[in-house]
Amino acid sequence: MSLYCGLLFFQLDPDNTGFIAVENFTSLVEHHELQLDPSKLDMLLALVHSNEEGQVCYQELIELMSSKRSSSFRRAIANGRRTLQREILLDETGLGLYKRFVRYVAYEILPCETDRRWYFHQNRLCPPPVFIAIVTIVQIIVFMCYGIMLNKWVLQTYQPDFMKSPLVYHPGHRAQVWRFFSYMFMHVGLEQLGFNALLQLMIGVPLEMVHGILRISLLYMAGVLAGSLTVSITDMRAPVVGGSGGVYALCSAHLANVVMNWAGMRCPYKLLRMILALVCMSSEVGRAVWLRFSPQLPSSGPQPSFMAHLSGAVVGISMGLLILRSYEESLQKQCSWWVIVFSFITFLLFAIFWNIFAYELLGVQIPPPP
């Protein structure tokens, strides 16, 4: 594709300036010989009509033709809206089951009709949204194994053998770095697993379908890591279990995106669903707070901390919101993205030094690891 475009540009731009006149480019688009889907052809025409300098940049053409996330996409659809008036997706009939689901996802996640149309026409099954599904399946398998082994399905943390798992984050084992991530596969009980699995499937899978596996997995794992690191700083004697850090990163990012684009969101009963989601998330945090400070059994030690929920929400509102607002745009070209990345790396380095030196300097009495 890029080679073909390069040959055309060589013909229309013999001086190799990197630009061609809009008139020549319009003729090229209208009489093209490429097999382009209608949505991509619309974007090419929108790129032409949105240009105010009378010329088209070669790099913008390559980015658009290759479906690369870039600012040229945003400019094209934003300025081309007045020339791309078509029926909205809700008016389309005769769709199959999968396409109806894709349309449902578009209206659940994206606030702009042109973005929804682009996603609807560009959506492909490859690669499928497997990250959230795999994480959920592994969490269920791990919970079932420990449930059978401990013969306990609710409040498993009261079982002394629960904390002996190599997956649980325990401050006495903080030198085992994998525990800062692996704790997300362990859960307090059926109630926490059910809540997390339901939320991450209902919200995480549509987000992954729209924004891709790399961005959503990055957001989820950033919430998980921030959760364990925050606990190691603010609740230094407490262990951590559950995938709530990643779940709250996804949920808070989605809810914040809905609020900031309230007028453009077309998901049904959005106010009622927003209230219900906030009530459920608040109830889960309340349950975690109660569990943390409830009287523990002498042999069980401190109960898991609730700070992972809050730190996951912070990650979602900061990093996650920027990711969700940057549909089909390059994050690397945004200054705010690098500010967030720098802030997260700074927090990560601080947490590493804290875990190495602070426990000894402050004389924290860590419960003996199981």
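Below, all heavy atoms of this structure are taken into account, side chains as well, without hydrogens, waters or symmetry copies. This structure is a prediction, so every number in the text was calculated from the model and none was measured.
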Kindly give the heavy-atom pair with the smallest separation between L250 and G204, and that separation in Å. CD1-CA, 3.9 Å
CE-SG distance between M202 and C251, expressed to the nearest 0.5 angstrom: 9.5 Å
One pair to check against side chain to side chain contact (heavy atoms under 4.5 Å, CB included): L97 and R100. What are the steps and the verdict? CA-CA 5 Å; L97 180 62; R100 288 201 298 269; 3.8 Å; yes
Measure across P239 and M163 and return the closest heavy-atom pair with its distance rounded to 0.1 Å. CG-CE, 3.6 Å
Do any N or O atoms from the side chain of N261 and from the backbone of N257 form a donor-acceptor pair under 3.5 angstrom? yes
Taking the side chain as C-beta and beyond, is there a heavy-atom pair between R179 and S228 under 4.5 Å? no
Please answer: with hydrophobic residues joined when any side-chain heavy atoms are less than 4.5 Å apart, are V138 and F195 in the same cluster? yes
Distance-only, no hydrogens or angles: does the E208 side chain make a donor-acceptor pair with backbone N or O of V130 under 3.5 Å? yes
Report yes or no: do L214 and L324 belong to one cluster of Ile/Leu/Val/Met/Phe/Trp/Tyr joined by side chain heavy-atom distances under 4.5 Å? yes
How are the rings of F353 and F357 set to each other: parallel, tilted or perpendicular (split at 30° and 60°)? parallel
Any residue meeting salt bridge (Lys or Arg N to Asp or Glu O under 4.0 Å) with R273, in chain and number order, not counting sequence neighbours: E108
Regarding Y220 and Q200, is there a side-chain donor-to-acceptor distance under 3.5 Å anywhere? yes
Joint cluster assignment, I134 & F185, ILVMFWY side-chain distance < 4.5 Å: yes
Check whether any side-chain heavy atom of L362 sits under 4.5 Å from a side-chain heavy atom of W354, and report yes or no. yes
In this structure, OG of S311 is separated from OH of Y248 (nearest 0.5 Å) by 11.5 Å
Please test I109 against Y119 for side chain to side chain contact (heavy atoms under 4.5 Å, CB included), starting from the C-alpha separation and ending with a verdict. CA-CA 11 Å; I109 304 301; Y119 168 72; over 6 Å; no
Kindly indicate whether the side chain of L225, heavy atoms from C-beta on, has any atom under 4.5 Å from the side chain of L229. yes
Minimum heavy-atom separation for G172 and I366, please, with both atom names. N-CG2, 3.8 Å
In one Ile/Leu/Val/Met/Phe/Trp/Tyr side-chain cluster, 4.5 Å: V205, L207: yes
Apply side chain to side chain contact (heavy atoms under 4.5 Å, CB included) to the pair F306 and S244, showing each step before the final yes or no. CA-CA 9 Å; F306 58 90; S244 298; over 6 Å; no
Rounded to the nearest 0.5 Å, what separation is found between the CG atom of L321 and the CD1 atom of I340? 8.0 Å
If you draw the axis of the six-membered ring of Y359, does the NZ or CZ of R237 fall within 45° of it and under 6.0 Å from the ring centre? no
When you compare the side chains of Y146 and S165, does any donor N or O come within less than 3.5 Å of an acceptor on the partner? yes
Aromatic centroids of F143 and H187 separated by under 6.0 Å: no
Report yes if the side chains of I233 and F350 come closer than 4.5 Å at any heavy-atom pair, otherwise no. yes
According to a hydrophobic-cluster definition based on side-chain heavy atoms being under 4.5 Å apart (Ile, Leu, Val, Met, Phe, Trp, Tyr only), do L278 and L199 belong together? yes
Nearest 0.5 Å, what's the NE2-OG distance between H309 and S252? 12.0 Å
R116 side-chain N/O to L110 backbone N/O, donor-acceptor pair under 3.5 Å: yes
Rounded to the nearest 0.5 Å, the CD1 atom of I323 sits from the CG atom of L331 at a distance of 6.0 Å
Determine the minimum heavy-atom distance between N196 and G243, stating which atoms define it. ND2-N, 3.6 Å
NE2-CG distance between H254 and L219, expressed to the nearest 0.5 angstrom: 12.5 Å
Heavy-atom nearest pair, A197 first then T136, reads CB-CG2, 3.9 Å
Check the surroundings of atom CE in M265: do more than 12 heavy atoms from other residues, nucleotides or ligands lie under 6.0 Å from it? yes
What I'd like to find out is whether the side chain of L255 reaches to under 4.5 Å of the side chain of M281, using heavy atoms alone. yes
Surrounding CE of M149 (heavy atoms of other residues, nucleotides or ligands, distance under 6.0 Å), is the total greater than 12? yes
If only atom types and distance count, is the side chain of Y183 paired as donor or acceptor with the main-chain N or O of V224 below 3.5 Å? yes
Distance-only, no hydrogens or angles: does the Q192 side chain make a donor-acceptor pair with backbone N or O of G242 under 3.5 Å? no
Polar side-chain atom of N355 near backbone of A351 as donor-acceptor pair, under 3.5 Å: yes
So, does R174 use its side chain to make a donor-acceptor pair with the main chain of P171 at under 3.5 Å? yes
For residues V315 and A249, report the shortest heavy-atom separation together with the two atoms involved. CG1-CB, 4.4 Å
Over 60° means perpendicular and under 30° means parallel, so classify the ring planes of Y327 and H211, tilted if in between. perpendicular
Contact check, side chains of W338 and Q332, non-hydrogen atoms, under 4.5 Å: yes
Any W262 side-chain heavy atom under 4.5 Å of L271 side chain: yes
Heavy-atom count check: over 12 atoms from other residues, nucleotides or ligands less than 6.0 Å from Y98 OH? yes
Between M209 and F101, is a side chain to side chain contact (heavy atoms under 4.5 Å, CB included) present by the stated rule, with each step listed? CA-CA 11 Å; M209 290 178 62; F101 179 67; 3.4 Å; yes
Side-chain contact, heavy-atom cut-off 4.5 Å: M186 with F162? yes
